[in-house]
Structures are given as structure tokens and as C-alpha cells.
Enquirer: 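Here's a structure for you.
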Protein chains: 4
Amino acid sequence: MGERRITVIVHGATGRIGTNQHLGRALLALRKEGGLALADGDRLVPEPILVGRNGAKLQALAEALAVERWTTDLDAALSEPGEAIFFDCAATGSRPALVRRAIAARKHVYVEKPTAPSLAEALELARLATRAGLKNGVIQDKLFLPGLQKIKLLKDSGFFGRILSVRLDFGYWIFDGEQQPAQRSSWNYKKREGGGLVLDMFAHWRYVIDRLIAPVTRISALLKTHVPSRRDERGEPYAVDVEDAAYALLELEGGIAATVTSSWATRVRRDDLMIMQIDGTAGSAVAGLHHCWIQPLVATPKPHWNPDAPQPMDYFQQWQAVPDNTVHPGSFRRCWELFLRHVAEDAPFVPTLLEGAKGVQLAEAAHLSQREKRWVDLPELML
Amino acid sequence: MGERRITVIVHGATGRIGTNQHLGRALLALRKEGGLALADGDRLVPEPILVGRNGAKLQALAEALAVERWTTDLDAALSEPGEAIFFDCAATGSRPALVRRAIAARKHVYVEKPTAPSLAEALELARLATRAGLKNGVIQDKLFLPGLQKIKLLKDSGFFGRILSVRLDFGYWIFDGEQQPAQRSSWNYKKREGGGLVLDMFAHWRYVIDRLIAPVTRISALLKTHVPSRRDERGEPYAVDVEDAAYALLELEGGIAATVTSSWATRVRRDDLMIMQIDGTAGSAVAGLHHCWIQPLVATPKPHWNPDAPQPMDYFQQWQAVPDNTVHPGSFRRCWELFLRHVAEDAPFVPTLLEGAKGVQLAEAAHLSQREKRWVDLPELML
Amino acid sequence: MGERRITVIVHGATGRIGTNQHLGRALLALRKEGGLALADGDRLVPEPILVGRNGAKLQALAEALAVERWTTDLDAALSEPGEAIFFDCAATGSRPALVRRAIAARKHVYVEKPTAPSLAEALELARLATRAGLKNGVIQDKLFLPGLQKIKLLKDSGFFGRILSVRLDFGYWIFDGEQQPAQRSSWNYKKREGGGLVLDMFAHWRYVIDRLIAPVTRISALLKTHVPSRRDERGEPYAVDVEDAAYALLELEGGIAATVTSSWATRVRRDDLMIMQIDGTAGSAVAGLHHCWIQPLVATPKPHWNPDAPQPMDYFQQWQAVPDNTVHPGSFRRCWELFLRHVAEDAPFVPTLLEGAKGVQLAEAAHLSQREKRWVDLPELML
Amino acid sequence: MGERRITVIVHGATGRIGTNQHLGRALLALRKEGGLALADGDRLVPEPILVGRNGAKLQALAEALAVERWTTDLDAALSEPGEAIFFDCAATGSRPALVRRAIAARKHVYVEKPTAPSLAEALELARLATRAGLKNGVIQDKLFLPGLQKIKLLKDSGFFGRILSVRLDFGYWIFDGEQQPAQRSSWNYKKREGGGLVLDMFAHWRYVIDRLIAPVTRISALLKTHVPSRRDERGEPYAVDVEDAAYALLELEGGIAATVTSSWATRVRRDDLMIMQIDGTAGSAVAGLHHCWIQPLVATPKPHWNPDAPQPMDYFQQWQAVPDNTVHPGSFRRCWELFLRHVAEDAPFVPTLLEGAKGVQLAEAAHLSQREKRWVDLPELML
């Protein structure tokens, strides 16, 4: 049982998610444990190289994490011989150019979502990587949230019967910086800096719905800029030029109806910041990030609508929690394990760059629906 | 301080709502209390005449309620001299013909919603009654639900600041009659009998939203027949040819966004069978039929999205209940008091037949949006 | 982006507050973080010199805190060239003489409250420092208690509407040393040593009320020595010659009424050792040191006074907690940051020595009111 | 063991308190039980005569309560021979004239508080009744509230040790009639109609404090009209010309300090609408209308004031409830039993009209203190 090593060129390591999730809880955790156990008994140890523009920051981070290698010269890193993965979790705007350079250098490619700012670019990257015979993929971490894993368990067990409808509600109140500072960066509210709720979240909603329930076939969206003027990190006022809320109707394969609401300007009276409700003929479930509650048909109450008297039922007590029977190792860690196996032993892998392009497709369709005030179909994407 | 009497010809008295709400809790309750106190000190006593086709049923009801007069001859009742109100709470299909007869007999007209099966008919009735100089109106009872009255109190007090968005969720699980009998009549699921969720509920949603928040200006709807085959009251299977769920995006005056979901095929994990959430810059509220909870901006929490750890916040504890400071006399009673004052002393009255036509307009627009897969505008209705 | 240094001569460093708050959590914390970030990008590093009479104690403290400089020779410290701040947190009695020496040496002056034992002295110090063109100030740490910061947030947001009344209740049971040792030093109960509840706490109440609500304009006070004989730290009995409780009515600008009770001889059945309730037309709030609860007009209950039956309402459940959306860096730290910016870059600064004199004014007025059994006005103080 | 009868001429029977408390729960309850058991074994049966100006109302009430006698002719009732009690619970303004007529007719006199609109009149009534050798008294029902009875039990048992201070907080939010109707009658806010918080409540506070703790010796008061314009029962605006809040410092015999706050413009975050806290050297108690909590010295916690960290103590959990070991027969019933025994068997009786005058004295002193901005002494009242 030997040890294999694979270089992972990490671009965007100094960002919060790069540092904490991709490095700390995934790549470095795997390295500390002696590597990932492969099917043949070997262990695969990822060897990260941190890449970025700010040398001082990179050096400080490398020291803090005890990572040996860092550089500001991406081409040097890419030109090293041997099998390697190029991973990008920096800003979306420069992703296509970086990925093209990595493909040219014949490195496998793994990226954060969205895979590109436009569907055309996203598709092009998928085609380039595939034609070059390189492994490629996109992070789909939300699938591994404990709450959504419970939905998957229920779906796979046939709990729902025939699924009728899905509701996905996401959001919370982001302060506008007037009386209280905002808890999200101001770039989220600026088009030029890659902001906008749709580009941020619809990449997630696409794979969550496609893979947990059924593929999305069409969309009607209403996008809003509820809070048009805000104050930034230094207290300076600025105008918001992207949507901060998106309300969408979706239709899925099999005629399933879905409503998806996402807002940075709502107050939360539900089980979690994101919840997903699935109604089926045989039962329903509501999941948050971690917890999930079910109500099978045989335990469905029969309430009566009587406006003259306060309801005698407590509609929350009528659901049962799905217990936590599994230890969840972390969503990003799960993503990395799948891709590393895909690279090292050609294990099956679903979320390729083509799958990643679907998230961009949904976001573009939402904007088109808003502009043309109509439903927009989502045709199948082809390489 | 004298006593005045007004005849109310009640068509549809033997139905559940006719018997319990319109007669029992409104007209007969007012009569028992000695009439409605008018502004000039007089008391107005309603004198019902029950009208229908089944004489035996009418007689039994009249005896049970201690109502002196009933008849199967509507024309006879309409041809009596003197001021009178014709009230119809029977099936929608025959309403236009009945109302036309009442107008021809120069009776004031008051009806349950929807005022007609189509917008064209609804508008025609509104025009006929108005041109004849007769008082006319439609029941809008949901406005007086204690929970929605609290929303009104909040709105009038300026609690919300600028309103950004509205969500209205209605529905519960109607059993299909297989293992357990359905708790709604089978006619609700048959087009020919005036069924369909949209025609039933959108008349309510229109006035609730128009009058509590802001007028609806356009709609995009997704209608579904989630459960296409059911068993009726006798256990016989039948096919459903109307929608049993409707998912809609609405835009209101001032750019407010609204999502409205209505379903007879969903399981309830919320505060009530119908809830309405309003988000504003200065605060949010969630109301059920009776209760209402608020969260002002100054008490809005600042949650952090952290999928690695279960949320430390309880998102239900962060809301405060609006107390029950008022005794609610019953929603239908409130509707009748307003219309009786309108008839007797020309008091201001909002829900005329023209207002009632707006509910039919919204229902028609929902169906059109579904057919043509686009947003449908709601132009202002004119007499 | 350079580094600037400023000498801070700390007199009274060996006291509990001097060591823990002013040095540990403020000056030394700032120094450890590389200084305070100024508007021009420079960082201002405070360099403390510990001054006192007991050389051994000073040396031990300096070593424990890793402070390089200490001395028992105040004049030597004051005569060093260069810009410096003289800070005094030792006993109030000797404060005027020390501050006069510092002003003569042209050092900026920052002191704990009360700024002097009498209003005449307090005003004189304010005049001397101002006329010498030196920066001067008084610590007003209670303003930065998280609970009171929430009151400020509410006030600034207009939550209260028109403010009607304020209640401030402070106190707890200080054991008398008979069966259990006292938890406050015996000097607090001796006039000669600067004791007395009024001199201690009214300096706080003045700025808390003036700056959070509205300026105090007059006072009626009832002072009491509830427990006239006590045992000191060595178990020796002594007579108390100052008040240990003060009950006061205040009137504020705009006709607001305030009741302020302060007692070292009361037992606590309220949310915190100090609470402040503010009632306004649009809402009320109750704040403790850290937490704050609100009840807006729209959620105000309508209780009925019925002595025949136990109250059905829980008057604590009807309030909503204001969430902790901000990290509080420590009250004394906040005071120091403001004064350091005032010295280094002439940033605006409210709590000058003239403001500090107002606290002494309120304490003197309380004593005068007690002696003459009448309300005492608080005229505006002039330099 | 015989049965004796005593006539009680009830003036003001049609008011809420007259009907429910004095008649329903006291006089008629006693009559229904066969009378009050006297010391000699006889039973004393009260025989009410209802007196007032509105004959129709009196007749209806008499029938509803099964009372045989009613009249609109007070002089006729008073001129009947035999021993009788004249009882007045109608408006205060006409009380002196009525009581003088009763005394002239040589009837015993029992009245609701306040006994007269002014101290001079109250004293005159006390003198007239006493000199005529007639029994006389005032209702002091609050003493018998279960919560205050527990205070009395504690006081009598020596629980408090030496009493140091008293706090009495009363009040709640009375709506102003704008968005929600007021829950108190508009006459409470009009001087001409006998309104004003002080006249209403200070009569209570005087006997509660005098009799439960110690006699009041002086007062300093701050009176406020917090809400100067309101809407009455018909929605008409009116100006308030009396105080709606009173903040008072009191001194009691023995140097005890008391603070008494009473407000119709405050929101309630305490155990009850009225609470009373008593601090003594050996223990403290807090009582509401029904419940009472204690903290003896040996169970007194030693909290530390530490603004840097949220308080670890729950200051409500540190008190113990006094259990309900006694059935309370109703406060007004207790008042009547005492006065009936006083009349029938010359049993000792404290609350004479002279005691009643003390309540008026406190109210007048509060107004004088407000006008002259000084403490006002309360000299002993002499017949």
C-alpha cells in the first residue's frame, strides 16, 4: 500500500473559503491524515501550491498553514512537469482566462461556481477541457449539507411517492450600512465586481434541484433591487445596480412545480436561512441546512378552515425530525474526495464543467425572463 | 330613536356559509340585538326572506332559525314593493342571471365572491347595478380576519417603512378519497361545476393584497393538477379537470414583489393554513388567520451563514406577537354592517361589484398567463 | 503609513480599574495590536509611564504587564519634553492638585470621574485646561455598555416616538461585614475618603441621561444611610457617614420625567444590576448592562385590572430582545480610542472636563435638594 | 341564635363596582349565605335598597339581582325609621352633600374612596359623623389583595428585620383612542369630571403604605400629562387637563424611604400591573396583586458588577414564591364584614372617615408639592 502525491495549484487561497474550506478542512486535513485511501489501498496525498498576486499575503498564509510552496508566478507553477490539478476559487471574472491557461498546460481543472460569467464561456471551458482529455469539475458543496443529504436519503427510499412540488426559500436581512454595518461585502451589490444575487445563488439552486429532485426545464423570474442605496465598508454611500432578491417559478421534468425565493432583504421566520420543502403523494419533507422534518401521508392531519376560532392545531408539532445518524465530514471535503478519486482512479464523477455550465444557464435564463416578461426554456446543453 | 326595517332576500341560505355565517352570525344576530345602530340613532333591523328551489329544505331551515318567511318563487319575492336587498351566496354559475333579475326589480345587490364566472359578466353586472342607481357590493370577509386586521394596524401605523415584498402561502392536504375521505366537496375539482382553486381563492387574494398592501398590476402563474384522479363522496373515482395548485408571481404598484402559493396538495409547516409575510425597510410581519408576529429593524438579528455548524439561532423566537387588544365580532358580520349602513344611510363603501370584478380579472389573468407562458398585465377596470 | 507614539502618564495604575481596564484592555491592547489606526493611515501607539507613590508595587506591576517605564517622581515624568497625556484614575480628593500640575507642564489631561470633589474645582480645572489650549476629557465608559448602546440605536432610529419618561434603577445588596464580608471597600462609606453613593454614581447618571435621552434640568433627591454601622476589611466596626442610597426625581429638557434610584441596600428582582426603562409614545425599551428588550406601540398589550383573578398575562413574554449584532470591544477601550484620536488628529470629542463638571453638578444638587427639601435647578455651565 | 337585619341604602349601585363588587360579591353573597355570623351567634343579614336617579336602570338591576327594594327618592329611604347604613359608591363630587344628608338622618355612613374632593370637606364629614355618634368608614379594599396580604404576613412575622425602603410601581399603557380605543373612560382625563391619576390612586397608596409599612410623613411629587390629547368613546378628540402620571418620593415614620410611581403611559415589564417591593435588613419581598416573592438575607446573592461580560445570574430565579395557603373571599367582601361587625357589635374598626381623609390629604400634598417644587409635610389629622 503505497503513497501517491498529486500537486494541487490553488488559485484564490487567501480568500475566506479558500483558506478555511478548500485548504483547511479539505486538502490539508487529508494531507494531515496521511492522504485519501484509494480503492487499491494506496493513499493519495495532495500537495498544494498557493498562487496569487500578493506575495506578502501568500507567504503569511503559507506559514500559518504550514504549506511549503507558494508563488506569484502562475505560469511557473503550471509549467512544472507531472500530473496536477489547477483549482480556482478566486473571482469569477478572470476564471475563463485562467482555466484556458491551465488546460493549455494540460492540468486537470477544478473550480468554484459559477464556472464562468456567461453561458457561452462556461460551455467553451467545458468543451476545451473535455476535448483535451483532462479531468474537470465544479464544486457542488451544498449537496452535502446534512439537511439536503437527508432529503436525498428520503428520495432514494421512495418516501415521497410521486413528487408534486418543491419550494426553496433562501435569504435573510442584510443591513444596509446606515445604522448597522452590512454583513456582506459591498461587491455583492455591484455588477462590475461580479455581484448580484442570481449569479451567486442560482448556480447552487440548479444542481441542488437537478440532482436532488429532477432537472429544471423552464423558469419565470421576477428580479428586484429592494434596497437601491447602501453604505460600503468605509461608510460611503453607493448605488446598487444588481438585484438583491429573485422570485422564481420553475418547472421540472415530470411536471413538478417549484417556487424558489432568494432575498437579501427579508426577515427569517422559518426553520433555517435556507429551507427546502418537497411535497409528494406519499409524504412531505422540510429541510434546513442541518435538520429535516417529515410528514408521511399516514400521519397527515386533516385541518379545518374555520376563521371564527383560533386554530387548535400546532402545525410544527405535526412533523417528525429525521435523526442525525451519520457524521458529516464537511461539504467541501466531500467534493474534494470525489474529484481526487476521479483524477487518481477514474472514479465516476457527475459535476463536470458541463454540469457547472447549467448553473450559469439558469442564471442567464432568469435575467432573460425578467427582461422579456415570459417563461424561458432551458434546453439540454451539449459539448 | 326609531326602528327601521329592511328586507333581505337571501338566495343560497341552505348552504353552509349561508346558514352559519350570513344568517346565523350576521343577519339574525343583528335582528336579535334589536338591529344595527345607525348614525342618526335609529336601529336598522334586517328581515330575511329565504329563497331557493327546495321547499322542504327551506321550510326546515326557516323553522330551525325562527325565520318567518321563505319561498321558492324568487320573482314573487323580488316583486314585493319597498326597498330590499337581494343577496346571493349560491353557486357562481347562475349568479349573473339572478343578479340581472334583481336589478330589473330594482333591488340592491349583494353577493358572495366570485361575482361571476367571467370578467365580462362581472363587469356587466357592475355596470347594470351602477347605472340603475342601486347599491351593490361583494363580500370581502377575509379582510376582517383578526390576523389580517393586525397587518392593517401595522400598515396604518407606518410600522413597515417602505414595503418591499409580500408572500402569501395558502393550502393544506386535501385527501384524495382513497384511504381517507376528502375534506372538500368533489365539485371543487370539476370545471363544469365551477371548481378550480384559482376561481375559488384568487378572488380573495385580489382584495386582500389590493386593500392591505397595494393594487396588483401583473401576474405570472403556474397552475398544476397535482392529483389528477380522486374519489367522490360516494367513493366513485373521477378525473380532475381543474388545477388543484397555483403558484404565482405578482407585481404590485410601487414595484412591490409578491409570491402567492395556493395548494390543496401540500402539507403545512407554517404558523397557519394561510400566512402572509410582509417585508419592509423598517420591519416585517407574518400573519396567520388570527395571530401576527413582528420583527422591527431595530430587533432584526444578524445571522451568519455557516454550513459547518447547526444554526445557534431560533428564528421563531426572534419575533414578537401582536396582542389581541380587540374583540372581533366575526368577519361576515363586519361585511354586513358596512353594506347595511351603505344602503340605509349612504355610508362610504369600497367593495362594490366593480371591485368584485377585479377578483375575477386576476383569476382570468392567471389562466391566460398559464396558457401563454408569459406575464399578464391587469389594466384598470372602468364602468 | 507611519507609526506615531504618544506618552501616557498613568497615575493610579495599581488600582483595579487602572490595571485591568485602562492599561490591560485599552492602552496595552492597542500597543500590542500595533497601535490605533488613524484617519491618515498612520498608527498611534500609546507608551505608558506608570506613576504612583509605592515604588515596589509599581515595579511589580510594570513587570507583570511588560511596561518599560515607571516612576514615583511625577514631576520628572511631567517635565519630559514632547506631547503627552496625563491620565489620573486614583482617588478623587487629590485629583485637582495633580491636574493643575499636569496643565502647568502643558500635558493633555484625561481623568476618571468625578473630575473633582466639588463643582467649583471641577469648573476651574475645565477652564484651566481649555484656556491653556490643552486637550482634556473625562472617562464616560457606561455609555458604551452594550445594553445602553442598544438604547442609543433605538433612540437614533426614532423607535420611541416622543419620549415621555425614564426610569433608572441601580443597586444591589452590599453585605455589612457582620455575617458575610462586604463586597465593596469600606472607603465607599466614609466621607473623608471620598465615599458616598451620590459622588460615585451620579457622575455616571448625568452623562448617561444627558447624552442618551435629554439634558437634566432639575432634581429632587432623598438620600438615606440605610445601614449606619458596618465592619471593615479587618472586621472592625465603623460608622457610616455618607448616604448608601439615593432616590431622585429628575426633569429633563422637553418635560421628560425621570426617576433614578440607586441603592447599596436593596435586593435585585429585575433584569440586571442596573436597568433603564424608557417609555415613548411609539414604544418602550428596558435595558440592562448587556441586554435590551423592546415593546412597540403596535405590540403593546391591553391588560385589564381585575383584582379578583390572577393576571392571565406574563408581562415579561410581551417584550422582544434586541439582538447582539455587534462585537463590543470594551467600554474603556472605546473611551481611549476617542480621546487618542482627539489628541492625535483633533477628532471631535464630547466628554471634555466641562462635561465632566456636569456630573459633579448633579451630585452637589442632590445634596442641596436633600438639605433644603426642595427641587434644585441645574443651570448651564459656562467656561 | 337569631337573625338580625340591617338596611343598607346603596347609592351608586348601577356602576360597575357597585353592581359587581359591593352588591354581587359582598352584600348579596352574605344575604344568600344566611347572613354574617356575629360573635354572639346571631346572623346579620344586610337588606339593600338601591337608590339612584334613573328609575328604569334601577328597576332592571333590582330585577336582575333579585333585590326587592329600589327608589329614586333618597330622602324617603333615609327617613325610614330604624338603624341603617348609607353607602355611597357614586361619583366623588356629590359625595359630601349626600353624606351630610345621611348624617342628618342619623344613618351610619360607609363610602368609597376618595371620601371627598378636598381635604377640608373630607375632614368635615369625619367630624360630623363622629360628633353625631354614628359609625363611619371608607372602603380600603386593596389591603386585602392576596399579594398585599402576604406582605402583611411577612411584616407581622418579623421577616423584614428593620424596613429600609419601599417601592410601589403602578401603571400600564392606556391607549389614546387613535389607532386603538382607550381601555379607560375619558372622564378619567378631565378635571371637571373628577379625573386625574392622583385623586384616583393616591387614596389607595396612602392606606396601603400607612397600614402595611408605616405612616407617610412627607412627599415630593412630579406630576405629568404625558399624552395631552386623546380621543373619547365616540372618537372625538379632547384635551387632557389632569396628570396621567405621578412620580413621588415619600418619607415614612422611622425614616423609611419610599418611591411611588403611577402612570397610565408606561409599558409593563414587571411581575404585575402593581408591584410593591420592601427591602429590610433581614430580607426583601416583592408583591403583585396576587403573588409575592421573598429573598431573606441568608439567601441574598453577592453579584459582581462586571460590564465586560453578560451577567451570569438570573435575578428572578433567586426569589422564592410565598405559597397560597389561604382562600381569599374577595377584597370588598372583607371590607363589608369588618364594617358590619363594627355597626352590629361595635367591633374595632380602623378605616373611619378620618382615615379616609388621609388619602385626600396625600393627593392634595402631591399637587401642592408639584406647584411649589418642594417637599410637603403631612401633619397628623385631628377631628
Side-chain angles (χ1 to χ4, degrees), chain C residues 25 141-142 145 164-165 167 172-173 175 179-180 183 220-222 224 226-227 245 247-249 251 255 257 259 261 263 265-273 277 279 281 284 286 288-291 293 295 297-298 300-305 307-308 310-311 315-316 318-319 330-331 373-375, chain D residues 25 141-142 145 164-165 167 172-173 175 179-180 183 218 220-222 224 226-227 245 247-249 251 255 257 259 261 263 265-273 277 279 281 284 286 288-291 293 295 297 300-305 307-308 310-311 315-316 318-319 330-331 373-375:
Chain C
R25 296 176 55 91
D141 56 292
K142 299 286 175 276
L145 286 170
L164 308 173
S165 61
R167 109 171 294 148
Y172 46 118
W173 188 262
F175 287 86
Q179 282 213 318
Q180 299 190 46
Q183 70 267 51
S220 174
L222 175 62
K224 285 287 169 187
H226 284 316
V227 181
Y247 306 93
L249 304 177
E251 201 164 23
T259 54
T261 69
S263 175
T266 187
R267 293 182 182 86
V268 181
R269 187 172 174 84
R270 24 185 169 79
D271 291 295
D272 209 334
L273 299 184
Q277 172 161 354
D279 286 311
T281 51
S284 297
V286 174
L289 303 183
H290 289 83
H291 301 298
W293 297 265
Q295 185 177 94
L297 177 59
V298 290
T300 299
K302 207 181 249 190
H304 284 276
W305 171 277
D308 284 340
Q311 267 295 351
Y315 298 111
F316 295 100
Q318 297 164 337
W319 296 71
S331 303
K373 300 186 176 167
R374 63 172 179 87
W375 282 83
Chain D
R25 297 174 56 91
D141 56 291
K142 299 285 175 278
L145 286 169
L164 308 174
S165 61
R167 110 171 293 150
Y172 48 118
W173 187 262
F175 287 85
Q179 276 216 319
Q180 299 191 45
Q183 70 267 50
R218 56 191 191 103
S220 173
L222 176 62
K224 286 286 169 186
H226 285 316
V227 180
Y247 307 94
L249 304 176
E251 201 164 22
T259 54
T261 69
S263 176
T266 187
R267 294 182 182 85
V268 182
R269 188 172 173 84
R270 27 184 166 79
D271 291 296
D272 209 335
L273 299 184
Q277 172 161 354
D279 286 311
T281 52
S284 298
V286 174
L289 303 184
H290 289 83
H291 302 298
W293 298 265
Q295 185 176 94
L297 178 59
T300 299
K302 206 183 249 189
H304 284 276
W305 172 276
D308 285 338
Q311 267 295 350
Y315 298 111
F316 295 99
Q318 297 165 338
W319 296 71
S331 303
K373 299 186 176 169
R374 63 171 178 88
W375 283 83

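Every chain is numbered from 1, with letters handed out A, B, ... down the list of sequences.
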Enquirer: Quick check on Leu145(C) against chain D: is it the side chain, the backbone, both or neither that has a heavy atom closer than 4.5 Å?
Expert: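 The answer is the side chain of Leu145(C).
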Enquirer: Top residue by heavy-atom pair count (under 4.5 Å) with chain D, among Asp141(C), Leu222(C), Leu289(C)?
Expert: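 Ranked by heavy-atom pairs under 4.5 Å with chain D, first place is Leu222(C).
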Enquirer: Which one of Arg374(C), Lys142(C), Gln183(C) has the most heavy-atom pairs closer than 4.5 Å to chain D?
Expert: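 Of Arg374(C), Lys142(C), Gln183(C), Gln183(C) has the most heavy-atom pairs under 4.5 Å with chain D.
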Enquirer: When you measure from the side chain of Gln180(D) to the backbone of Val298(C), do you find a donor-acceptor pair of N or O atoms at a distance under 3.5 Å?
Expert: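 Pair absent, no side-chain N/O of Gln180(D) close to backbone of Val298(C).
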Enquirer: Flag the pair Asp271(D) / Tyr315(C) as yes when at least one side-chain heavy-atom distance between them is below 4.5 Å, and no otherwise.
Expert: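 No; the side chains remain at least 4.5 Å from each other.
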Enquirer: For the interface with chain D, which of Ser331(C), Gly288(C), Gly255(C) has the highest count of heavy-atom pairs at distances below 4.5 Å?
Expert: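 Most heavy-atom pairs within the cutoff with chain D belong to Gly255(C).
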Enquirer: Where on Ala245(C) is there a heavy atom nearer than 4.5 Å to chain D: the side chain, the backbone, both, or neither?
Expert: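 Neither part; nothing is under 4.5 Å.
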Enquirer: Given the side-chain rings of Phe316(C) and Phe316(D), with only the six-membered ring counted for Trp, is the space between their centroids under 6.0 Å?
Expert: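 Here the rings of Phe316(D) and Phe316(C) have centres that are less than 6.0 Å from each other.
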Enquirer: Arg167(D) vs Thr266(C), test: side chain to side chain contact (heavy atoms under 4.5 Å, CB included). Steps then yes/no.
Expert: CA-CA 10 Å; Arg167(D) 110 171 293 150; Thr266(C) 187; over 6 Å; no
Enquirer: Identify the two heavy atoms, one from Ser165(D) and one from Tyr247(C), that lie closest to each other, and give their separation to 0.1 Å.
Expert: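 Closest approach of Ser165(D) to Tyr247(C): CB-OH, 3.3 Å.
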Enquirer: Taking the side chain from Lys224(C) and the backbone from Leu164(D), do they hold a donor-acceptor pair closer than 3.5 Å?
Expert: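 Pair absent, no side-chain N/O of Lys224(C) close to backbone of Leu164(D).
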Enquirer: Please report the C-alpha distance between Thr261(D) and Thr259(C) in whole Å, then the side-chain angles of each, then the deciding distance to 0.1 Å, and finally whether the side chain to side chain donor-acceptor pair (under 3.5 Å) criterion is met.
Expert: CA-CA 8 Å; Thr261(D) 69; Thr259(C) 54; over 6 Å; no
Enquirer: Only pairs of heavy atoms separated by less than 4.5 Å count here; which of Glu251(C), Gln318(C), Gln179(C) has the most with chain D?
Expert: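 With the most close heavy-atom pairs to chain D, the winner is Glu251(C).
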Enquirer: With a 4.5 angstrom heavy-atom cut-off, is it the side chain or the backbone of Ser284(D) that approaches chain C, or both, or neither?
Expert: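 Both backbone and side chain of Ser284(D) come within 4.5 Å of chain C.
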Enquirer: With a 4.5 Å cut-off on heavy-atom pairs, point out which of Arg267(C), Lys373(C), His226(C), Arg270(C) contacts chain D the most.
Expert: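 Counting heavy-atom pairs under 4.5 Å, the top option is Arg267(C).
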Enquirer: Using heavy-atom distances under 4.5 Å, tell me whether Leu273(D) contacts chain C through its side chain, its backbone, both, or neither.
Expert: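 Both parts, backbone and side chain.
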Enquirer: For a quick test of reading the model, state the closest non-hydrogen atom pair linking Trp375(C) to Ala221(D) and the distance between them.
Expert: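 For Trp375(C) versus Ala221(D), the nearest heavy atoms are NE1-O, 4.2 Å.
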Enquirer: Is there a donor-acceptor contact under 3.5 Å from the side chain of Trp319(C) to the main chain of Val268(D)?
Expert: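 Yes, Trp319(C) side chain to Val268(D) backbone: donor-acceptor pair under 3.5 Å.
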Enquirer: Between Ser220(D), Ser263(D), Ala248(D), who has the most heavy-atom pairs with chain C when the cutoff is under 4.5 Å?
Expert: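 Result: the option with the highest number of such pairs is Ser220(D).
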Enquirer: Is Thr300(C) in contact with chain D via its backbone, its side chain, both, or neither, using a 4.5 Å heavy-atom distance?
Expert: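 Both parts, heavy atoms under 4.5 Å.
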Enquirer: Taking side chain as everything from C-beta outward and backbone as N, CA, C, O, which of these in Tyr172(C) sits under 4.5 Å from a heavy atom of chain D? Side chain, backbone, both or neither.
Expert: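 The answer is the side chain of Tyr172(C).
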